[in-house]
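A, B, ... follow the sequence lines: proteins, then strands. Residue 1 opens every chain.
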Amino acid sequence: MTADPTATPRAETGPLYADVIVPRHLAGSFTYRVPRSLKPVLRIGHLVLVPFGRSVLQGAVIALRDTHPPSVARDRLKEIRALVTDGHAAEIPPELLHLARRVAEAYVAPWGQCLRLVLPPRAMAKTGASRFLLTDLGKQALAARQSGSSAVLDLLRRLKRRPSGIKGATLRGRPDQSQHALLASLVEQGWVQEMPDPGLSHGRAAEGPPAGEARDLFCGEILSPGDASFHPTEWESRIDGALAARRPARMLVQAASPERLALLRHAAGRTLEQGRTVLVIVGEAERAELIAAALSRDGAVAAACLHGAVPDNQKAGMWERIRREQTRVVVGTRSAVFLPLRSLGLIWIDREEDPALKEPQEPRYHAREVAWMRAQDEGALLVLGSTHLTLESALGDEQGEQALLKASIRRETATVEVVDLRGEERGTILSSALVEAMRDACARQSGVLLFLNRKGYAGALICRDCGQVPRCPSCQVAFAYYRLKGALRCPYCGGTRAIPDLCPSCAGPRVQLIGEGTERVEEEVKRLFSRARVLRVDGETMRGPKQAAALYQRIRRREWDVLVGTQLLLREDLVPAVGLVGAVQADAGLSLPDFRAAERVYHLLVDAVGLARPSSAGGRVILQSYLPSHHAIQGVLHQDETVFSTEEMSHRTALGYPPAVHLVVLHVSGTQEKSVEQAASAWVSCLSALPVRGTGASGTVGHGSGDRAGGLIILGPVPSPVPKLRGRYRRQILIKSPSRDAAVRRVRATVLQLEQESPFRSIKFDVDVDPVEMW
DNA sequence: AGCACGCCGACT
DNA sequence: GTCGGCGTGCTC
C-alpha cells in the first residue's frame, strides 16, 4: 500500500530499503534497511525475518526502494535480519501476493493479515524462538542479592515478574548489546533457564482426520448418474469450450450431486490435458475427502486433499508439491483457495451456497468471491456448482456481469403434495393424509422417510390458527421455549416471557409448543405402526464414529421400514431413494431471524424431495405445513424454482436485502460502554458526511456513485444481538448499497480516519463485507 | 494480533 | 513487600 514497486531506478548495488508487511492486525507496511549481503538478491515476494518491536517476525517484501519514507526518520529504521530459506529463498508467488492484496481491499482487512492466508503452512510457525525463565537458584540469588551488578538484578527482577518467561528475541533485542552476554552468563550460572517457545498453541492436531472408514462404504454410488434424463454431452462441450478459451469465465452448474461430480471429473480431466491445474473448493472437510477420493478413483487423477483436519506437518509438504506442480489437482475447504497452484485452469466451487465458504474471522473472505478474483487474474474458468444456486449467483447470471454459462440438469422427481396442518386436530404430528400414505408405502415396502427440519427451532411456540410464532418485541426474533424455566426466552436479548394463553398475532387460543423433535415423531410412528421397524437418524443417534458406522450399516442393510431424522438424512448417499418422503414440519425454519431463512428452507425441502423415487416409480412427497401458501412451500409443491425465486426476490428487493443490495456490517466493540456508543455514532456520521475522497489505490473506475449520499443506506448503530461479550460492549451498523465497491471504499476511508483519531484508542472497528451469518 | 509494561488489589 | 490479573500502547 505504501511505496510503488517500480520506484526509482536503483544503483547496481541493489535497493537500500524494503517495504515489508507482517502478519498482524496492522494496516500499513514497514520499511527496513536492506543489509549489504541481501542487496543483490532481495526481491518482491521474498519472505524475510524482521525485528518487529520486541520480537522477530516473518514478513513479505512488497516493495524495494532507494529512499526511506518521509514519515519515519532514517535512524529509526531497522535492518532485515535474514531471508527465510528452506533450501532456496522462500518467496510468495507474485500472483498470491497480489491476491492477498485484493482480498485485503475487498474485505477491508490489513494486507499483512491476509498475508497469513497465502504463507506456506510451515512458515506460520514461530521462528524457532526460545523463552527464558528464572530458575529456583536464580530466585535465591535474587533474594540474597548475590550480585552487585544492578543490570543483573534488573534482569532477574524482570524475569521473576513473568512466570511464563520472556522471549529470547525480546531480551536480546534491547538497545544495549550487553544483554546478550549477560543472559548467557546467567544461564551458565544456572540462574536462568532457556526453554523452547511453545509458539502457537492452537495447532489443531487434536481433531484428527474425519472418520472416513464408515463413509467409504458408500462412495461406490457417488458417480453413478441418477437416471436417464441426464444428457451430459452438451454441458461437457460447454465446459470444453470455456476451458479452450483460456480466459476468465464463470459458469453455473445446477445439477444433482452425482451429475455434478461426473461433470467435474470431465472438466478436471480436460484441464489437465491442457497442461493446467485444478482447484476444487467445498465447505466441509468430509466432502473434500469424498470428492478427492471420487476424482482419484480410477487412478487417472491424483487429487490431494487439504483442510483443517490435515496435520500441519503434512500441509507443508503438500504446499511445496503443489507449488512445484507435482500435485496438479487439489480439493480443499475454503482456505485452500489460496494454495499456490500454477497455471490454474479450473476452479470448481461445489455447493456454492454453503455458508462454510465464508470465513467467520478477519479477514472475512468468501471463498467463492476469492475464487473469482483468482480466476480473473489467472485466466481460469470458475464453475459454481450446486443443487441449489444462491440467489446471488443466479442474479449475477441474469445481469450478465461476466460471460456466464448456466447448466441446469434436471432429474425426474417425485409427486409433491401439501397438507395444511391448520386443518388438523390439535397436537397432530402426523396428519391423516401422511399416515395413509405411510400405510401404503409400508404395504409396498418401498420405504418411508420422515424428515424433520428443526434446526434452530427446537422447542418453540406456534399458533395453530395463524401459524405465527411469538417474537421478542425488541429483537423481532422468534422466542425459544426454555424447558428449565417453562417460559419463553429470546435467544438474542435474553428477555423472558411467560407462555401466552392467546396468540399475540390473532388472539386465537390454540398456542402450542412444537419442535419436540425426532424422538416424538419416532414414538408416534411406533404407536401408529406397531409392526414397522423404525430407525432414528439425528445428532443423538449419530453421535460418535462407532455408533454412526453401526447406524450406517443398518440403514444400508435396509433394516427399517421408516426412517425418522433431521438434515442428517440429506447426507450424500446415506439413504437409497424411497417411495415416500414426509416433511413433518416443512415450514420449520421460516421463522429464523435471517433474511436467508426462506431460501435455506426451500433448499432443504428440494433436497428432501430428491430423496424420493421419481413419480414414474411411484415416489411421493408430502409436506406438512402451517403456512402452505408460503413461496418456499409453493415452489417445492409446483417443482418450479421460479415460483420461489421470483417471490423471494421481490421480498429481498422490497426489504433491501441481497442480492438486491450488498450488505456491509460494521462492528464496534470496547470495554467502555459509553465510548463504544460514541465511536459507533461517530462512525455513522463519518460514513454519511464523508465526501468520498479519492484515496483509493486508483483501481477500477467507479460505477458513477460519486454523489454525496453515494446510494448508501446506513442503519444503526444498534446494540449487537449479544450486546456484551467477554466484557466488551458491542454495537453494530448495517450498510446497504447497490454497489459493493462503493460501500467498501467508503468504509475503508472511514476506518482509517477513525483509527487515527485519538478518542477511539481502545475501540475495535471490525468490518464484515457480504455477511453470511448476519447476527 | 501479540507482546510486555505497569498499575492495582489480594495475600504470605 | 510480592504475586498475578487486566488495561494500554507500540510495532519501521
Enquirer: Taking only Lys NZ, Arg NE, NH1 and NH2, and the carboxylate oxygens of Asp or Glu, determine whether A/Glu773 and A/Arg364 approach each other closer than 4.0 Å.
Expert: no

Enquirer: Rounded to whole Å, how long is the line connecting atom CZ of A/Phe52 with atom P of B/dA1?
Expert: 13 Å

Enquirer: Looking at every strand, decide which applies to A/Tyr32 at a 4.0 Å heavy-atom threshold: base, sugar-phosphate, or nothing.
Expert: sugar-phosphate

Enquirer: For the pair made of OH in A/Tyr729 and P in C/dG7, what is the distance, rounded to whole Å?
Expert: 12 Å

Enquirer: Counting only side-chain heavy atoms from C-beta out, which of C/dT11, B/dC3, B/dA1 sits nearest to A/Ser55?
Expert: B/dC3

Enquirer: For A/His25 and C/dT8, what is the distance between atoms NE2 and C1' respectively, to the nearest whole Å?
Expert: 16 Å

Enquirer: Give A/Pro23 one of three labels, base, sugar-phosphate or nothing, depending on what nucleic acid heavy atoms sit under 4.0 Å from its own.
Expert: nothing

Enquirer: Does C/dT11 have OP1 or OP2 under 4.0 Å away from a side-chain N or O of A/Arg76?
Expert: yes

Enquirer: Write down the distance between CZ (A/Arg65) and P (C/dC12), rounded to a whole number of angstrom.
Expert: 16 Å

Enquirer: What integer distance in Å separates A/Gln113:CD from B/dA1:C1'?
Expert: 6 Å

Enquirer: Report yes if at least one side-chain N or O of A/Lys78 is closer than 4.0 Å to OP1 or OP2 of C/dT11; otherwise report no.
Expert: no

Enquirer: Could you tell me whether A/Arg102 and A/Glu105 make a salt bridge, using a distance below 4.0 angstrom between a side-chain N and a carboxylate O?
Expert: no

Enquirer: Rounding to a whole Å, what distance do you find between A/Glu79:CD and C/dC12:P?
Expert: 14 Å

Enquirer: Is there a side-chain contact between A/Phe30 and A/Pro69 (heavy atoms, below 4.5 Å)?
Expert: no

Enquirer: Give the rounded distance in Å between these two atoms: CD of A/Gln58 and C1' of B/dA1.
Expert: 16 Å

Enquirer: Which residue, A/Leu47, A/Val50, A/Val20, forms the side-chain contact (heavy atoms from CB on, under 4.5 Å) with A/Gln58?
Expert: A/Leu47

Enquirer: Any salt bridge between A/Lys358 and A/Asp768, counting N to O under 4.0 Å?
Expert: yes

Enquirer: Please report the distance, rounded to the nearest Å, between NZ in A/Lys764 and C1' in C/dT8.
Expert: 16 Å

Enquirer: For C/dC12, take OP1 and OP2 only and decide whether either is under 4.0 Å from a side-chain N or O of A/Arg54.
Expert: no

